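Here the structure comes first, spelled out in C-alpha cells, and everything after it is commentary.
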Amino acid sequence: MATNNNSPFRIFRRGEIWHAYISFTHQKRRFVFRESTGTADREIAQQYCIDKINAIMQSPDLTNEITLDEAAARWTTEVLQYQKSVQSRLVALNLLLQEMDPTVLLSQITKADISRFIDGCRTRNRKPATINRYLALLSAICTRAHNYWDCRTPEFKILQFKQKEPVENIKFFADMDTIQKIVNSAAKHLKPIILTGIYTGMRVGRILDLKWDQVDLTHNQIVFIGKNGMNQSVPIVPALAEVLKAIPRTHENVFTYRKVPIRSIKKGWRSALETAGVPYQSFHTLRHTVATWLLRDSHDLRLVKDVLGHKTIQTTIKYAHLENDRRAAGMCKLFAQPVKKK
C-alpha cells in the first residue's frame with residue numbers, strides 16, 4: 001500500500017493484481033473509486049491511478065453527478081419548504097450533513113459509509129428512531145435526485161439499514177377529569193387548542209395550521225389534506241362545535257394570539273401541566289388518549305384507524321394491546337364460578 005497519507009490514491013495487492021483506492025476532491029466534489037488496475041506491475045498500477053485522476057480533473061462537469069450538500073440544498077428548495085414542520089426537518093438535515101461527508105457524490109455513497117454513519121450516531125447516543133429519520137431523509141434526497149434530476153445515486157437501498165425500534169409504550173391520560181384540570185390551568189389562548197386535540201385526536205401541527213376554510217360547521221367536519229397526501233375529514237362533535245363558534249375570526253388561521261397565528265405551544269403546554277399537577281406528557285399524548293379511549297369503548301381497531309387518519313391498519317396495531325383489558329374481563333366473567341375441588 002502507498003505510504004503517503006496525503007496521496008489521492010492507494011494501491012494494494014489482491015493475489016497478483018494491484019487494486020486501487022482513489023479518493024480526492026475536485027471542484028468541491030468528492031470522488032471515490034475502488035477498482036482493479038488490471039495489472040501485476042506496481043508502476044503501471046500507479047500510473048493507472050494518476051491517469052484516472054487527471055482524466056476526471058480535465059473533463060467537463062459531470063451532469064449526472066451531484067454531491068450530498070448540493071442535493072440537500074436543491075431538495076430543500078424543491079421539497080422541504082413546502083412540507084410541514086420545516087424547522088425541525090432543517091435541523092435533521094443539518095445534522096445529517098454534519099455526520100456524513102457533505103462533499104461526497106451521491107453515487108459514491110457506500111454501504112460502509114452508511115454503517116459508519118450509524119456507528120457515529122450510536123456513539124452520540126442517538127436513538128434508533130432518530131437514526132431512522134436521518135436514513136429516511138437521505139433516502140428521500142436520493143430518490144428525488146434519481147427520479148427528478150437524472151442524477152446517479154447509490155445502487156443499494158438506504159432504508160435496508162433501518163434500525164429496529166423498541167415497541168412504543170403508549171402513554172395516555174387516565175380520564176376526562178385529568179384533561180379538565182389541564183384545560184383549567186392553561187392560558188386562555190391555549191384552552192381551545194387543547195380541547196381541539198382531545199375532541200379530534202389531530203396532531204398539534206395540524207391543529208396549529210388549521211384554517212377557517214377547512215372548518216365546516218354546517219356539516220360538522222374538518223376537511224384537509226392528510227399526512228399521507230389524501231383528503232381527510234374529522235368529525236366535529238357538538239362540544240368542539242361550541243369551542244370553535246366562540247373563537248373570533250380575526251385571521252385565516254383558527255388559532256391565534258393577538259391576531260397572529262400560534263406557531264408553538266410547548267412552553268404553554270408544559271406550564272399548564274405543572275399548574276395542574278399532572279406529570280409531563282407531550283401534547284401528542286392527547287392523540288394517544290383519543291385512540292385509547294375510543295378503542296376501549298368501541299373495540300373497533302378499524303374505527304380508530306379511520307379517526308386517526310392512518311394510511312394502513314399496521315400503524316394502528318400498536319394500540320391493539322389495550323384489548324387485553326377486554327379479554328381479561330371476558331375470561332373473568334366466563335369463569336366467575338370456579339370449578340370446585342373435591
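Quick caveat, the model's predicted, so the values are computed rather than measured.
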Handout entry: Euclidean distance, Ile141 CD1 relative to Glu70 CD, rounded to 0.5 Å
Key = 12.5 Å
Handout entry: Heavy-atom side-chain proximity of Glu35 to Tyr48 below 4.5 angstrom
Key = yes
Problem - For the student: nearest non-hydrogen atoms of Ser185 and Lys191, plus distance - result: N-NZ, 4.4 Å
Handout entry: Check: Thr67/Asp69 side-chain N/O donor and acceptor closer than 3.5 Å
Key = yes
Exercise for the section: Give, for atom SG of Cys49 and atom CZ of Phe24, the distance between the pair rounded to the nearest 0.5 Å. Expected result: 11.0 Å
Practice task
Report yes if some heavy atom in the side chain of Phe255 is under 4.5 Å from a heavy atom in the side chain of Ile265; otherwise report no.
Solution key: no
Practice task
Inspect the contact between Glu65 and Arg152 and indicate whether a charged nitrogen and a carboxylate oxygen are less than 4.0 angstrom apart.
Solution key: yes
Problem - Any donor-acceptor N/O pair, Trp18 side chain to Phe12 backbone, under 3.5 Å - result: no
Problem - Cationic N near anionic O, under 4.0 Å, Arg126 to Glu99 - result: yes
Practice task
Would you tell me whether Thr153 and His146 have side-chain atoms, one donor and one acceptor, within less than 3.5 Å of each other?
Solution key: no
Exercise for the section: Please assess Ile11 against Gln46 for the test side chain to side chain contact (heavy atoms under 4.5 Å, CB included), listing each intermediate value before the final yes or no. Expected result: CA-CA 7 Å; Ile11 59 173; Gln46 289 178 328; 3.5 Å; yes
Exercise for the section: Could you state whether Leu90 and Leu137 fall into the same hydrophobic cluster, counting links through intermediate Ile, Leu, Val, Met, Phe, Trp or Tyr residues with side-chain heavy atoms under 4.5 angstrom apart? Expected result: yes
Practice task
For the residue pair Arg263 and Leu208, establish whether any side-chain heavy-atom pair is separated by less than 4.5 Å.
Solution key: no
Exercise for the section: May I ask you to check whether Phe172 and His288 place their ring centres under 6.0 Å from each other? Expected result: no
Practice task
Check whether any side-chain heavy atom of Ile182 sits under 4.5 Å from a side-chain heavy atom of Thr275, and report yes or no.
Solution key: no
Practice task
May I ask you to decide if Leu308's main-chain N or O and Arg287's side chain share a donor-acceptor pair within less than 3.5 Å?
Solution key: yes
Problem - Quiz item: cation-pi between Arg249 and Trp212, 6.0 Å / 45° - result: yes
Handout entry: Exercise: identify the closest heavy-atom pair between Val254 and Ile247
Key = O-CG2, 3.5 Å
Handout entry: Lys181, NZ atom: more than 12 neighbouring heavy atoms under 6.0 Å
Key = no
Problem - ILVMFWY cluster, Phe161 and Leu159 together (side-chain gap under 4.5 Å) - result: yes
Problem - Greater than 12 external heavy atoms within 6.0 Å of Tyr148's OH - result: no
Handout entry: Test item: Cys142 and Pro154 side chains (from C-beta on) under 4.5 Å apart, heavy atoms
Key = yes
Handout entry: Within one Ile-Leu-Val-Met-Phe-Trp-Tyr cluster: Trp75 and Leu97, side-chain cutoff 4.5 Å
Key = yes
Exercise for the section: Could you go through the side chain to side chain contact (heavy atoms under 4.5 Å, CB included) check for Trp149 and Glu78 one step at a time? Expected result: CA-CA 11 Å; Trp149 310 333; Glu78 296 183 8; 3.0 Å; yes
Fill in the blank from the handout: When every non-hydrogen atom of Phe9 is compared with those of Ile53, the smallest separation belongs to CD2-CD1, 4.1 Å
Completion exercise
Checking Thr196, Val243, Leu244 against Ile236 for side-chain contact (heavy atoms from CB on, under 4.5 Å), the one that qualifies is Leu244
Exercise for the section: Check whether the side chains of Thr256 and Asn253 place a donor and an acceptor atom closer than 3.5 Å, and report yes or no. Expected result: no
Exercise for the section: Check whether the side chains of Glu274 and Ser271 place a donor and an acceptor atom closer than 3.5 Å, and report yes or no. Expected result: no
Fill in the blank from the handout: Rounded to the nearest 0.5 angstrom, the NE2-CD distance for His310 and Gln232 is 9.0 Å
Exercise for the section: Check whether the side chains of Thr130 and Arg133 place a donor and an acceptor atom closer than 3.5 Å, and report yes or no. Expected result: yes
Handout entry: NZ/NE/NH1/NH2 to OD/OE distance under 4.0 Å, Arg116 and Asp119
Key = no
Practice task
Please say whether more than 12 non-hydrogen atoms of neighbouring residues, nucleotides or ligands are located less than 6.0 Å from CD in Glu155.
Solution key: no
Handout entry: Evaluation steps, side chain to side chain contact (heavy atoms under 4.5 Å, CB included), between Val234 and Met202
Key = CA-CA 8 Å; Val234 175; Met202 292 167 64; 4.2 Å; yes
Problem - Contact check, side chains of Ile207 and Arg203, non-hydrogen atoms, under 4.5 Å - result: no
Completion exercise
One should read off an interatomic distance between His189 NE2 and Ile262 CD1, to the nearest 0.5 angstrom, of 5.0 Å
Fill in the blank from the handout: To the nearest 0.5 Å, atom CG of Leu240 lies from atom CG of Leu195 at 8.0 Å
Fill in the blank from the handout: Pro279 and Leu273 have their tightest heavy-atom pair at O-CD1, 4.4 Å
Handout entry: Main-chain N/O of Ile194 paired with Trp269 side-chain donor or acceptor, under 3.5 Å
Key = no
Exercise for the section: Work out which heavy atom in Gln221 is nearest to a heavy atom in Ser233; give both atom names and the distance. Expected result: OE1-CB, 3.8 Å
Practice task
Assess the side chains of Gln180 and Asn184: does a donor N or O sit below 3.5 Å from an acceptor N or O?
Solution key: yes
Handout entry: Residue pair Thr37 / Ala45: nearest heavy atoms and the distance that separates them
Key = OG1-CB, 3.6 Å
Exercise for the section: State, yes or no, whether a side-chain contact exists between Tyr134 and Phe117 at a heavy-atom distance under 4.5 Å. Expected result: yes
Problem - Atom pair CZ/OG of Arg144 and Ser139 - distance to nearest 0.5 Å - result: 13.5 Å
Exercise for the section: Please step through side chain to side chain contact (heavy atoms under 4.5 Å, CB included) for the pair Leu138 and Leu96, ending with a clear verdict. Expected result: CA-CA 8 Å; Leu138 179 59; Leu96 175 66; 4.1 Å; yes
Practice task
Check whether any side-chain heavy atom of Ile44 sits under 4.5 Å from a side-chain heavy atom of Gln47, and report yes or no.
Solution key: no
